K.L.:
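The structure under discussion is supplied below as structure tokens; questions concerning it will follow.
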Amino acid sequence: MCNKEHSTVSCSRVAVKEVGSDRPFDHHFMVEDKVKEIVTPQALNKMFELDFSEKPDDKKQGHSQEDKKFLKIVSEGIQRTDDGHYEIPLPFRSRDVCFPGNKEQVLQRAYWLKRKLKKNSAFYEDYVKFMADIITKGYARKVPPDHLNAVTNKVWYIPHHGVYHSRKPEKIRVVFDCSARFNGTLLNDQLFPGPDQTNCLVGVLTRFRQEPVAFIGDIEATFNQVRVPEYHRDFLRFLWWPDGDLSRDLEEYQMNLHLFGAVSSPSCSNFALRRAADDAENHVGRETADVLRKNFYVDDCLHSEESQEAAVQRISSVRSACAAGGFKLGKFVSNRREVLVTIPQEERAQDVITLDLTTDHLPIERALGVQ
């Protein structure tokens, strides 16, 4: 029963009490009506805070010694490249990391891959297209001739293979196997994974539902936007046929960025996105910077505003902050047509690109897998 005059809630608590008996398996129960409690709105809010906790203090939990070493490495080593991307060194556990020469093992894996590519023309075409794409975009490059003769124990070769998306059978991803082991050594064992800086899923979804005008965006190839400095790229070498021509000799290439599959990549990517928020705050304001800090779950941005005008402005400023850090935010969807109209067609999510926003119904979108 709510007492509006005092802004309190009166609650009756009923307790069920078991009363024993001398005879086995013979028990009686009695109901006791407890004294009414007065529950204030403040107490009620406190109860919900405990059930859905995402206090600021939760994000300031003590880091482990390994986490502190990771943060020291990336904080001291992060730089901006000429094209605006962040460059973060690989967070190696040892300052003088050494690897056994695994080129022969990776050569053997390449020959197995070659047989598979020859047997399946569709797989071959998809694989070659993927590799050409990462080279064209600058994610990978051929090892410069003057770098080919690097010190043996300062080079690591990564085997790769192709897999198809379970829900998109036409889309291939070439996976670089950072967990491939040789002589008891693998790349992932040599790297600090870093602290988990991913925002709380419940918190992101709760904030997303706060206001009536909502939008979702996605960062394109998040890990690929965070570069690795030149002096660490020899640890990310791989073998490939020039132009995908299997009749030619294999040549050495190297990745220029933090790999999907490296144990440290999620933390490095998250660190770079938060640094982008810090660096852009003076330009875009605290509220927009906080969207980058609090309203991203990995590479997905979920945010809501009170009005359509505010949502349009926020999308523009968030995109600007992301772009300044080398992150391209796109694949937008919103629950308001008026918001979608302001977004270039090529920057909208696939399901709404071809919609006639004046007549067609907006599709139901899943947010982080929740519909």
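Throughout, numbering of the chain's residues begins at 1 and tracks the sequence. Keep in mind that this is a model prediction, so the values were computed, not measured.
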K.L.:
Would you please test R274 and D278 for salt bridge (Lys or Arg N to Asp or Glu O under 4.0 Å) and show each step?
P.N.:
CA-CA 6 Å; R274 289 174 182 272; D278 295 341; over 6 Å; no
K.L.:
Heavy atoms, side chains only, cut-off 4.5 Å: are R181 and Q105 in contact?
P.N.:
no
K.L.:
Hydrophobic cluster membership, with links at side-chain heavy-atom distances under 4.5 Å among I/L/V/M/F/W/Y: are F92 and V74 in one?
P.N.:
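No, because F92 and V74 fall into different hydrophobic clusters, even though each may have its own neighbours under 4.5 Å.
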K.L.:
Distance to the ring centre below 6.0 angstrom and angle to the axis at most 45 degrees; does that hold for R173 and F130?
P.N.:
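No - R173 does not lie over the ring of F130 by the 6.0 Å and 45° rule.
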K.L.:
Which heavy-atom pair separates A150 from V155 by the least distance, and what is that distance?
P.N.:
CB-CG2, 3.5 Å
K.L.:
Less than 4.5 Å apart, any side-chain heavy atom of L239 and any of Y157?
P.N.:
yes
K.L.:
Is the closest basic N to carboxylate O distance between R314 and E211 below 4.0 Å?
P.N.:
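No salt bridge links R314 with E211.
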K.L.:
Cut-off 3.5 Å, side chains only: do D67 and S64 have a donor facing an acceptor?
P.N.:
yes
K.L.:
Find out if a path of hydrophobic residues (ILVMFWY) with successive side-chain heavy-atom gaps under 4.5 Å connects F182 to F238.
P.N.:
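Cluster IDs for F182 and F238 match.
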K.L.:
Does K171 pair with D126 as a salt bridge, N-O distance under 4.0 Å?
P.N.:
no
K.L.:
In a check of ring-ring contact (aromatic ring centres under 6.0 Å, His included) between H303 and each of F332, F296, F215, which one passes?
P.N.:
F215
K.L.:
Thinking salt bridges, do K137 and D133 make one under a 4.0 Å N-O criterion?
P.N.:
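So K137 pairs with D133 through a salt bridge.
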K.L.:
Return the minimal non-hydrogen interatomic distance between S267 and F70, and the atom names on each side.
P.N.:
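Minimum heavy-atom contact is CB-CZ, 3.5 Å.
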K.L.:
What pair of heavy atoms forms the shortest contact from V226 to S269, and how long is it?
P.N.:
CG2-CA, 4.0 Å
K.L.:
Look at the rings of F99 and F235 and say which category their plane angle falls in: under 30° parallel, 30 to 60° tilted, over 60° perpendicular.
P.N.:
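Taking F235 first and then F99, their aromatic rings sit tilted (interplane angle of 30° to 60°).
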K.L.:
If you measure only the distance, is there a donor-acceptor pair under 3.5 Å linking the side chains of H85 and E87?
P.N.:
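H85 vs E87: no donor-acceptor pair found between side chains.
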K.L.:
Is there a path of hydrophobic side-chain contacts, each under 4.5 Å between heavy atoms of I, L, V, M, F, W or Y residues, that connects F223 with I73?
P.N.:
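Unlinked, F223 and I73 end up in two clusters.
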K.L.:
Give a yes or no on whether E306 atom CD has more than 12 heavy-atom contacts from other residues, nucleotides or ligands under 6.0 Å away.
P.N.:
no
K.L.:
Can you classify the ring geometry of H160 versus F176 as parallel (below 30°), tilted (30 to 60°) or perpendicular (above 60°)?
P.N.:
tilted
K.L.:
Is the shortest side-chain heavy-atom distance between Q225 and K328 below 4.5 Å?
P.N.:
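Counting from C-beta outward, Q225 and K328 never come under 4.5 Å.
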K.L.:
Test W112 against Q108 for side-chain contact (heavy atoms from CB on, under 4.5 Å), laying out the working first.
P.N.:
CA-CA 6 Å; W112 294 341; Q108 186 60 53; 2.8 Å; yes
K.L.:
Distance from R233 atom CZ to N256 atom CG, nearest 0.5 Å?
P.N.:
4.0 Å
K.L.:
Is it true that, when you exclude H283 itself, more than 12 heavy atoms of the residues, nucleotides or ligands shown sit nearer than 6.0 Å to its NE2?
P.N.:
no
K.L.:
Is there a side-chain contact between V128 and D245 in this structure, where contact means two heavy atoms from C-beta onward sitting under 4.5 Å apart?
P.N.:
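The answer is no, as the side chains (C-beta and beyond) never meet within the 4.5 Å cut-off.
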K.L.:
Which pair of non-hydrogen atoms, one from C301 and one from V291, has the smallest distance, and what is that distance?
P.N.:
SG-CG1, 4.0 Å
K.L.:
Indicate the atoms forming the closest heavy-atom contact of N295 with N199, along with that distance.
P.N.:
N-ND2, 4.1 Å
K.L.:
Step through the shown structure and confirm whether more than 12 heavy atoms of other residues, nucleotides or ligands are within 6.0 Å of CG on D83.
P.N.:
yes
K.L.:
Please determine if K72 and E76 form a salt bridge, counting it only when a charged side-chain N lies under 4.0 Å from a carboxylate O.
P.N.:
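Salt bridge: yes.
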K.L.:
Step by step, work out the side-chain contact (heavy atoms from CB on, under 4.5 Å) result for H165 and I172.
P.N.:
CA-CA 6 Å; H165 196 291; I172 194 173; over 6 Å; no
K.L.:
Do we see a donor-acceptor contact under 3.5 Å between the side chains of R275 and Y86?
P.N.:
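Judged by distance alone, the side chains do not pair up.
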K.L.:
Is there a side-chain contact (heavy atoms from CB on, under 4.5 Å) between H258 and L90 once you walk through the steps?
P.N.:
CA-CA 8 Å; H258 288 265; L90 292 172; 4.0 Å; yes
K.L.:
What are the two closest heavy atoms between A180 and R109, and how far apart are they?
P.N.:
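That would be CB-NH1, 4.4 Å.
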K.L.:
With a 3.5 Å cut-off and no angle check, do the side chains of T185 and N183 form a donor-acceptor pair?
P.N.:
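No, no side-chain donor-acceptor contact under 3.5 Å.
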K.L.:
Rounded to the nearest 0.5 Å, what separation is found between the CD atom of E347 and the OG1 atom of T342?
P.N.:
11.5 Å
K.L.:
Would you please indicate if the ring centroids of Y253 and W241 are separated by under 6.0 Å?
P.N.:
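Not close enough - the centres of the two rings lie 6.0 Å or further apart.
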K.L.:
K294 and E287: salt bridge (Lys or Arg N to Asp or Glu O under 4.0 Å), yes or no, with the steps?
P.N.:
CA-CA 10 Å; K294 300 178 181 180; E287 290 185 358; over 6 Å; no
K.L.:
Is there a side-chain contact between I219 and V298, using heavy atoms and a 4.5 Å cut-off?
P.N.:
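Not in contact.
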K.L.:
Find out whether M255 and V228 are in side-chain contact, i.e. whether some heavy atom of one side chain is under 4.5 Å from a heavy atom of the other.
P.N.:
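Side-chain contact under 4.5 Å: no.
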K.L.:
Is it the case that more than 12 heavy atoms not belonging to K118 sit under 6.0 Å from its NZ atom?
P.N.:
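Not buried by this count: 12 neighbours or fewer within 6.0 Å.
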K.L.:
Looking at SG of C268 and CG of L273, how far apart are the two atoms once the value is rounded to the nearest 0.5 Å?
P.N.:
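It comes to 13.0 Å.
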K.L.:
The test is side-chain contact (heavy atoms from CB on, under 4.5 Å); show your working for V106 and R237 and say whether it passes.
P.N.:
CA-CA 10 Å; V106 176; R237 289 196 187 188; over 6 Å; no
K.L.:
Any side-chain heavy-atom pair from F327 and T222 closer than 4.5 angstrom?
P.N.:
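Side chain of F327 against side chain of T222, heavy atoms only: contact under 4.5 Å found.
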K.L.:
Any non-hydrogen side-chain atom of E66 less than 4.5 Å from a side-chain atom of P195?
P.N.:
no
K.L.:
Establish, from distance only, whether the side-chain atoms of D177 and S179 form a donor-acceptor pair under 3.5 Å.
P.N.:
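On atom types as modelled, these side chains do not qualify, holding no pair under 3.5 Å.
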K.L.:
Honestly curious: do F260 and W240 fall in one hydrophobic cluster under the side-chain, below-4.5 Å linking rule?
P.N.:
no
K.L.:
Could R93 and D189 be called an ion pair, given the rule that one side-chain N must be under 4.0 Å from one carboxylate O?
P.N.:
no
K.L.:
Centre of F192's six-membered ring, under 6.0 Å away, within 45 degrees of the axis: is that where NZ or CZ of K69 sits?
P.N.:
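The answer is no, since K69 fails at least one limit relative to F192.
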K.L.:
Would you give the length of the straight line joining atom CG of L236 to atom CG of L257, rounded to the nearest 0.5 angstrom?
P.N.:
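Going from the CG atom of L236 to the CG atom of L257 covers 8.0 Å.
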K.L.:
For residues S94 and D96, is any side-chain donor paired with an opposing acceptor at under 3.5 Å?
P.N.:
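There is no such pair between these side chains.
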K.L.:
Applying the 4.5 Å side-chain criterion to the ILVMFWY set and letting contacts propagate, would L191 and V97 be lumped into a single cluster?
P.N.:
yes
K.L.:
Is it true that, when you exclude D146 itself, more than 12 heavy atoms of the residues, nucleotides or ligands shown sit nearer than 6.0 Å to its CG?
P.N.:
yes
K.L.:
Return the CD1 to OG distance between I88 and S264, rounded to the nearest 0.5 Å.
P.N.:
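One gets 9.5 Å once the value is rounded to the nearest 0.5 Å.
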K.L.:
About how many Å separate NZ of K103 and CG of L250, when rounded to the nearest 0.5 Å?
P.N.:
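Between atom CG of L250 and atom NZ of K103 there are 9.0 Å.
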K.L.:
Would the distance check show the side chain of K142 and the main-chain N or O of E251 forming a donor-acceptor pair, the cut-off being under 3.5 Å?
P.N.:
no
